[in-house]
Number of protein chains: 2
Amino acid sequence: MPRQGPKEDNLVGRIGYRFGRMFSLNSSSLRLGIGDDCAIFAPRAGHETILTCDWFLEGTHFLRAKHPADAVGWKCLARAVSDVAAMGAAPRCFLLSLGLPTTHTGRWLDDFLNGLRRASRQFECELAGGDTTCRADVLIHVTVVGEIANGRAVRRSGAHPGDLLYVSGKLGEAELGLRRIRQTKRGAGKKDRALLKHLYPEPRLALGRWLARNRLATAMMDLSDGLSSDLPRLCSASGVGARVEAPKLPVASISPSEFSRELAPLELALHGGDDYELLFTVSQTKARSIPRSFEGVSLTAIGEMTRDPQLLLIDDRGRESILHAGGWDPFLAPRKRKSKRKSI
Amino acid sequence: MPRQGPKEDNLVGRIGYRFGRMFSLNSSSLRLGIGDDCAIFAPRAGHETILTCDWFLEGTHFLRAKHPADAVGWKCLARAVSDVAAMGAAPRCFLLSLGLPTTHTGRWLDDFLNGLRRASRQFECELAGGDTTCRADVLIHVTVVGEIANGRAVRRSGAHPGDLLYVSGKLGEAELGLRRIRQTKRGAGKKDRALLKHLYPEPRLALGRWLARNRLATAMMDLSDGLSSDLPRLCSASGVGARVEAPKLPVASISPSEFSRELAPLELALHGGDDYELLFTVSQTKARSIPRSFEGVSLTAIGEMTRDPQLLLIDDRGRESILHAGGWDPFLAPRKRKSKRKSI
């Protein structure tokens with residue numbers, strides 16, 4: 001049939017069919033989805049549009065043999081949505097670009113789309129379009145569009161000396177989950193808390209929106225590369241330094257048999273990536289409004305912002321040392337990285 | 001220095017520095033650019049936001065050894081902006097995601113950014129953010145955000161039986177340029193019209209906006225994969241067929257020495273990809289408002305939309321044949337493709 005599109009059209013059609021329309025056209029801000037040259041998004045009056053994007057690439061961000069396709073689908077959207085949470089905004093829709101081997105357009109793609117669809121529904125973020133092509137490796141790129149009331153976005157640049165520094169949840173759990181996945185010979189199980197956090201991270205959307213709506217956070221970002229790599233970015237944007245108190249860090253639980261110098265809770269909390277927790281600063285006068293937990297997620301004050309631009313780590317005896325970036329950096333070749341640094 | 005970011009930050013910083021802010025904050029719709037978790041874009045009141053994205057991958061869409069980095073930079077943005085032109089909209093900003101070998105973060109990246117920056121200025125489309133990572137192949141992904149007055153976007157789905165079918169410019173020139181590049185042993189020269197069109201395509205922004213603003217086009221799309229692959233998409237979205245008159249097609253000029261069965265002007269015009277011309281339909285009553293050229297770009301009526309959903313090609317003796325899709329499809333393996341199909 002001449003009207004039958006080529007194979008690429010079939011793949012796009014299959015993805016579109018799997019997702020369908022999540023909301024009715026009246027309630028959705030997406031006026032035109034998959035199937036045209038562009039998607040059309042109608043932001044609400046009085047709102048700004050938020051844009052972010054993330055690579056999720058086989059061999060760099062996940063391993064085909066180790067990571068279930070369902071988790072790859074969930075996580076590629078979750079990590080991009082986490083950036084929206086970090087502004088205090090709400091995600092609305094996303095563009096999905098896929099490069100797939102022809103061997104992965106069947107069962108693997110179905111499982112991938114299952115995980116992606118669950119994430120899409122949970123985050124209330126509709127598929128709006130994308131691009132597909134054929135590649136030897138699985139290449140994924142996600143662009144997320146969100147919105148926030150004018151002027152309410154929380155930037156990285158608003159921290160002041162004296163502000164308290166907070167993190168949500170526990171730090172280092174996702175890195176611990178990655179270590180465990182790499183040690184298993186086959187795919188990973190789904191009962192382990194650290195494994196679940198590595199495979200199915202939960203962006204802190206409700207927390208971010210609450211902090212922004214109530215103007216509680218002076219600065220905010222999400223922790224994707226590890227505290228020691230991400231905190232310098234917030235400090236640099238704000239023109240401040242920080243003192244982090246090691247004993248206060250909410251660390252992961254490690255079994256004694258796993259414990260080693262490199263796999264110690266403090267090392268994981270400082271340098272482990274992929275946690276997608278929120279790192280935010282609060283003025284001392286507003287700190288009383290920050291509860292110990294928000295919707296089941298713990299909130300922990302781990303230090304204070306300083307006029308001195310250094311990043312200092314204070315140990316349990318009050319001794320200071322300089323906190324060096326030891327988190328994830330794709331441009332540091334694995335052989336040059338210390339083993340504590342993540343290298344999938 | 002503890003505040004010195006890791007190498008990835010340096011790369012992002014270098015890209016941001018190279019682009020700078022294109023417009024003053026007052027005149028720009030981009031309220032927050034590179035350097036935070038998200039960019040913030042403020043669409044104008046009464047306007048919808050347009051979203052589109054495109055892969056541009058080494059080995060699939062360009063060849064590192066054949067395509068100048070400057071042209072790669074220009075084209076990766078131009079082809080995504082072409083989708084915005086095809087809705088009749090105006091581009092505003094873009095997200096750039098790069099996967100680069102460490103060998104390509106020096107001179108190659110500088111040349112790439114030069115080409116990209118020229119495109120960005122010409123299309124008035126600011127860099128708003130993106131993501132960088134380290135890969136063995138050069139991977140590029142571009143997301144473009146644009147805007148258009150509410151309800152004025154021209155979709156693929158509005159063509160009616162009896163509407164006239166138009167194309168801008170010439171068809172097949174970019175494919176001819178690609179053939180010439182593949183035949184050269186080293187990088188390509190820059191004097192050849194077909195080569196220039198392949199390396200530095202010009203999205204038809206002014207034409208698209210003029211057609212949309214004056215409600216002249218009933219349906220529109222850009223030609224990226226070739227007329228025989230793209231026209232079925234417009235027909236399918238509109239629920240119509242088309243009769244294309246071969247003698248009317250605005251074909252490329254080919255030197256007699258190049259001419260062959262596969263490299264004939266008609267074959268190139270039907271199946272050649274990468275032209276980024278506009279394909280649009282106009283009701284018969286409004287056809288008198290379509291000039292022969294618009295700002296130096298020819299506009300040619302090449303056929304008519306039909307109630308019968310077939311796609312027919314009419315030759316110079318009035319004989320009909322079915323027009324089969326023969327353009328670019330990444331999921332058709334090269335060995336299965338006829339040689340007339342593009343396979344970089």
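Letters go in sequence order (proteins before strands), and every chain restarts at 1.
Chosen from G129(A), S97(A), A128(A), the residue pairing most often with chain B at heavy-atom distances under 4.5 Å is S97(A). For the options I148(A), L234(A), D222(A), L312(A), heavy-atom pairs under 4.5 Å to chain B are most numerous at D222(A). Among the candidates C53(A), G146(A), A89(A), A153(A), the residue making the largest number of heavy-atom pairs closer than 4.5 Å to chain B is C53(A). When each of V84(A), N150(A), L139(A), L231(A) is scored by its heavy-atom pairs under 4.5 Å with chain B, the top score falls to L139(A).
A salt bridge links D225(A) with R233(A): at least one charged nitrogen is closer than 4.0 Å to a carboxylate oxygen. Using a cut-off of 4.0 Å between Lys/Arg side-chain N and Asp/Glu carboxylate O, R204(B) and E277(B) are scored as salt-bridged. The existence of a salt bridge linking E48(B) and R152(B) is excluded, since no basic side-chain nitrogen approaches an acidic carboxylate oxygen closer than 4.0 Å.
For T143(B), the part lying near chain A is the side chain, with the backbone staying farther off; criterion is any non-hydrogen pair under 4.5 Å. In this structure, chain B has a heavy atom under 4.5 Å from the side chain of M87(A), while its backbone stays farther away. Heavy-atom distances place both the backbone and the side chain of L57(B) under 4.5 Å from chain A.
Remark: the backbone N or O of V144(A) is not paired with any side-chain donor or acceptor of T52(A) at under 3.5 angstrom. Here the side chain of D36(A) pairs a donor or acceptor atom with the backbone of R156(B) at under 3.5 angstrom. Under a 3.5 Å cut-off, the side chain of D230(B) and the backbone N or O of S224(B) do form a donor-acceptor pair.
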